[in-house]
Protein chains: 4
Amino acid sequence: MPTTSQDEKIPRKKAVRDAPKRLRDPVQTQAKILAAAKAEFSKVGLGGARIESIAEKAGVNKRMIYEYFKGKEELFQSVLEEAWTSIRTAESELELDHLAPVDAIRALMKFTWDYYLKHPEFMSLVNSENLHRARHVRKSQRFRELHTGFIDMLQRILDRGVASGDFRPGVDARQLHLTLAAVGYYYLTNRHTGEVIFGFDFLAKEALQARLEFNIDTVLSVLRPR
Amino acid sequence: MPTTSQDEKIPRKKAVRDAPKRLRDPVQTQAKILAAAKAEFSKVGLGGARIESIAEKAGVNKRMIYEYFKGKEELFQSVLEEAWTSIRTAESELELDHLAPVDAIRALMKFTWDYYLKHPEFMSLVNSENLHRARHVRKSQRFRELHTGFIDMLQRILDRGVASGDFRPGVDARQLHLTLAAVGYYYLTNRHTGEVIFGFDFLAKEALQARLEFNIDTVLSVLRPR
Amino acid sequence: MPTTSQDEKIPRKKAVRDAPKRLRDPVQTQAKILAAAKAEFSKVGLGGARIESIAEKAGVNKRMIYEYFKGKEELFQSVLEEAWTSIRTAESELELDHLAPVDAIRALMKFTWDYYLKHPEFMSLVNSENLHRARHVRKSQRFRELHTGFIDMLQRILDRGVASGDFRPGVDARQLHLTLAAVGYYYLTNRHTGEVIFGFDFLAKEALQARLEFNIDTVLSVLRPR
Amino acid sequence: MPTTSQDEKIPRKKAVRDAPKRLRDPVQTQAKILAAAKAEFSKVGLGGARIESIAEKAGVNKRMIYEYFKGKEELFQSVLEEAWTSIRTAESELELDHLAPVDAIRALMKFTWDYYLKHPEFMSLVNSENLHRARHVRKSQRFRELHTGFIDMLQRILDRGVASGDFRPGVDARQLHLTLAAVGYYYLTNRHTGEVIFGFDFLAKEALQARLEFNIDTVLSVLRPR
DNA sequence: AATGAATGAGACTTCATTCAT
DNA sequence: TATGAATGAAGTCTCATTCAT
């Protein structure tokens with residue numbers, strides 16, 4: 001029931017009236033709640049989020065949240081599922097298997113970096129969920145399914161790189177993935193304290209460019225045959 | 001219950017200090033509050049933390065928190081200051097300037113990794129503070145002072161490495177530091193979701209060992225002359 | 001406990017209203033809160049009033065006070081508005097313009113006196129608001145509107161009295177009003193200390209009668225032509 | 001113990017040191033507490049007053065308030081006693097028996113008016129005490145003694161005025177006193193709401209002058225033989 | 001005499017959640 | 001489906017007061 005399924009257009013009762021205010025549209029109501037909840041959770045965390053605030057932002061009645069999501073915790077879980085589905089879906093659309101190994105790594109890193117920049121809530125949500133020791137996604141079947149075959153894709157790239165002589169053998173795909181994500185994630189998620197410590201604007205165009213290049217350089221270095 | 005014994009007249013300053021529970025010791029009271037607060041904040045975040053819970057853990061009266069720290073936000077700020085002071089102090093005691101460049105990098109990474117492992121609250125606190133856009137440390141003079149000259153140390157190592165031919169020139173000390181921290185931090189802070197995704201125990205001895213080595217390898221790779 | 005009976009399906013709008021305890025009636029809930037708050041504030045002042053006590057007296061959930069009135073200060077403001085609206089409304093219903101000047105003054109003083117006696121909370125509230133330097137009514141648009149044209153009525157009486165030779169000219173309507181109110185108000189509001197000082201019962205029938213007569217005599221004396 | 005006894009100068013231990021900070025001076029400590037308490041109580045009432053705030057204003061340790069005055073209620077009572085002693089003392093120093101009847105009334109009204117203006121806290125305290133139904137002064141022996149023979153003085157003036165033909169007979173001294181005080185008190189104590197209602201500055205020089213004259217005129221009018 | 005530390009009760013307010021329509 | 005009203009628990013913070021030095 002909490003699924004969004006955004007495309008279906010239900011012909012509602014022959015459309016007796018054109019419904020100027022989009023009343024009674026459960027699909028959209030759920031979507032609005034999810035979007036508002038994502039914003040709220042990512043801004044103040046699970047503990048700091050307020051159901052009332054989410055309902056207001058979503059423009060729906062507070063009661064609807066309970067109707068569709070049962071409660072705060074379940075809503076948080078749905079938000080997490082939605083967020084992770086989103087990034088993994090986009091990632092899979094990259095079709096990295098069609099690229100040369102080095103290009104594939106570059107593309108994946110560029111994609112990850114851009115995704116983080118465009119969806120900073122994602123990192124917040126990941127942090128929050130880890131603060132709570134992953135107790136929400138741990139219960140989610142959907143979450144697990146999302147990652148089956150996910151590391152295989154990276155492994156295939158690595159294998160092709162070794163075969164082509166671009167990469168050294170013996171690199172663990174999981175380690176690589178963690179590093180790949182880490183160097184971008186850490187920079188962006190901790191940019192606020194970083195700015196106080198280092199005294200420069202982490203989101204300035206050149207700074208972003210420099211960081212991305214350094215990160216790609218780092219990952220390619222560790223992959224390079226010696 | 002807080003009083004130890006009501007009627008006894010202790011001859012002042014005679015007993016050599018055998019009172020086991022040090023009553024009326026503001027310094028210790030504050031320390032206990034800080035310790036309890038650090039645990040609480042790192043476990044559930046600023047929004048999720050409960051003053052009452054902190055007071056209980058600290059074994060002090062709720063009121064004392066307001067006496068010494070004014071309020072929740074200020075307490076959080078104090079916790080942050082204390083935590084960052086702690087890691088920077090320990091770090092500075094490494095005396096990396098006395099080590100060969102490669103060894104210095106290794107030592108710094110090992111230290112950082114071990115510190116994170118021994119003080120996982122530190123990463124939680126950093127995450128929390130960034131969730132709140134660094135609004136607490138931004139107000140802290142003490143925090144800023146903590147980091148003056150902090151990056152210079154790393155720069156000196158880099159310079160020595162370039163001079164000795166161990167490192168390639170042109171590497172930015174701040175980028176290096178961010179990467180250095182990132183690869184360990186990300187692995188540890190996101191280990192809960194990581195375990196669900198990857199399906200192995202991130203804190204297993206061999207896993208930890210493997211990760212540290214991979215991280216050091218990564219950083220040294222990017223520093224290596226080409 | 002708040003529910004009357006859970007299963008019965010009342011045919012909507014059929015019962016002529018025999019529900020004895022009107023559940024879910026926001027208008028009445030607000031009215032009950034206001035009434036209880038007026039009693040509490042007038043008994044112990046703004047600083048001494050307890051939200052919990054008000055909620056109990058009103059028979060509503062504490063939360064409702066915040067739902068409808070935002071907070072203690074705003075509730076106090078609403079109480080003041082209601083109280084002042086009440087006295088001004090009753091006053092305006094006297095239709096003093098239809099009475100002979102002397103009778104109009106008498107009627108106004110009798111009304112004021114009786115109103116104070118019947119609504120002693122009013123004086124308490126006025127005192128409290130002045131203790132707080134009128135900061136609540138100052139913010140109230142409704143309060144200001146209440147008094148437009150309010151002094152004109154008295155001025156018309158004065159003018160008619162001067163024309164008829166009953167009153168001397170040159171008496172300021174505002175001074176008159178202040179005196180008119182003062183002589184009754186002071187006696188009643190300070191009657192507790194007054195009783196300790198003077199040693200008689202200020203609310204005894206004869207005492208009340210004597211005071212009212214003295215007051216009317218006083219005001220008519222100062223109005224009398226010389 | 002709570003008495004102030006302002007004049008005695010205790011020669012403290014031969015004045016070993018000149019005590020630059022006036023430490024350990026119980027008389028002054030009590031006086032400072034009383035002064036601060038009077039200010040606080042008159043500003044926010046008994047319910048709104050804060051012991052801590054009083055101690056701070058007085059520049060003494062909070063504990064001292066309990067040492068000298070037992071508690072908040074008792075402190076309030078002491079403040080009331082002190083305040084009423086003060087006005088009655090000053091009043092008695094007028095020596096009205098030496099003035100012509102009309103002049104005596106004028107002098108008394110002028111005195112009362114000026115006293116209210118100079119000590120506006122007095123009115124606040126009276127209001128507060130009446131809010132609490134005089135429960136503090138009722139317990140005070142000292143308070144009662146203060147007013148013995150107090151109304152007799154006014155009666156003597158009235159009697160002399162009747163004898164001289166200046167005043168009509170039959171006026172009750174207590175009624176007169178109440179009116180005398182009322183017309184000034186009401187104007188001043190309710191000036192804040194009055195200013196919002198009437199829209200002029202109640203404390204402006206001319207306004208004060210006009211009010212005093214109107215008040216004296218009022219009282220002399222009701223006393224005048226018909 | 002004076003002080004700083006400590007306390008427990010209770011203040012205002014907010015929250016997630018359920019009820020009734 | 002949707003909504004507004006209502007609730008009880010709990011949260012942050014404040015207060016008058018006492019304890020120990």
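Values below: all heavy atoms of this structure, side chains included; hydrogens, waters and symmetry mates excluded.
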Give [X] one of three labels, base, sugar-phosphate or nothing, depending on what nucleic acid heavy atoms sit under 4.0 Å from its own.
X     : answer
B/Y68 : sugar-phosphate
B/R50 : sugar-phosphate
B/A49 : sugar-phosphate

B/K72 side-chain N/O to B/L46 backbone N/O, donor-acceptor pair under 3.5 Å: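 Flag set: sc B/K72 to bb B/L46 pair under 3.5 Å.
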
Whether B/R135 side chain and B/E129 backbone form a donor-acceptor pair below 3.5 Å: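 Not confirmed, B/R135 side chain does not pair with B/E129 backbone.
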
Please determine whether a side-chain nitrogen or oxygen atom of [X] lies at a distance below 4.0 Å from atom OP1 or OP2 of [N].
X     : N      : value
C/Y66 : E/dC15 : no
C/T29 : F/dA5  : no
C/N61 : F/dA5  : no

At their closest point, which heavy atom of [X] faces which heavy atom of [Y], and how far apart are they?
X      : Y      : value
B/S124 : A/L131 : OG-CD1, 3.8 Å
A/K32  : A/G59  : NZ-O, 4.4 Å
A/I65  : A/I51  : CD1-O, 3.8 Å

So if I take every side-chain heavy atom of [X] and compare against [options], which nucleotide ends up nearest?
X     : options              : result
A/M64 : F/dT7, E/dA1, F/dT3  : F/dT3
A/E67 : E/dG4, E/dC15, F/dT1 : F/dT1
A/I51 : E/dT17, F/dG8, E/dT7 : E/dT17

Rounded distance in Å - [atom1] ([X]) to [atom2] ([N]):
X     : N      : atom1 : atom2 : result
B/L46 : F/dG11 : CG    : P     : 14 Å
B/Q30 : E/dA5  : CD    : P     : 8 Å
C/K72 : E/dT13 : NZ    : P     : 8 Å
C/I65 : F/dT7  : CD1   : P     : 12 Å
A/L75 : E/dT17 : CG    : C1'   : 14 Å
C/K70 : E/dC12 : NZ    : P     : 16 Å
D/F69 : F/dA16 : CZ    : C1'   : 16 Å
A/E56 : E/dA16 : CD    : C1'   : 15 Å

Note: D/E40-D/R50 ion pair, threshold 4.0 Å (strictly below):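 Between D/R50 and D/E40 there is no salt bridge, as every charged N stays at least 4.0 Å from the carboxylate O atoms.
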
Closest-nucleotide ordering on DNA chain E, the 5'-leading residue of C/E52 and B/G59: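 Whichever sits nearer the 5' end wins; that is B/G59.
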
B/G47 vs A/R63, nearer the 5' end of DNA chain F by closest nucleotide: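 With B/G47 and A/R63 compared, the 5'-side residue is A/R63.
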
E/dA9 pairs with, by Watson-Crick or G-U criteria that keep both distances under 3.5 Å: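 Paired with E/dA9, as far as the under-3.5 Å criterion goes, is F/dT14.
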
Pairing partner (Watson-Crick or G-U wobble, both distances under 3.5 angstrom) of F/dT21: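 The answer is E/dA2, by the H-bond criterion.
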
Heavy-atom donor-acceptor pair, C/K62 side-chain to F/dT7 base, under 3.5 Å: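 Counting by modelled atom types and ignoring angles, no donor-acceptor contact under 3.5 Å is found here.
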
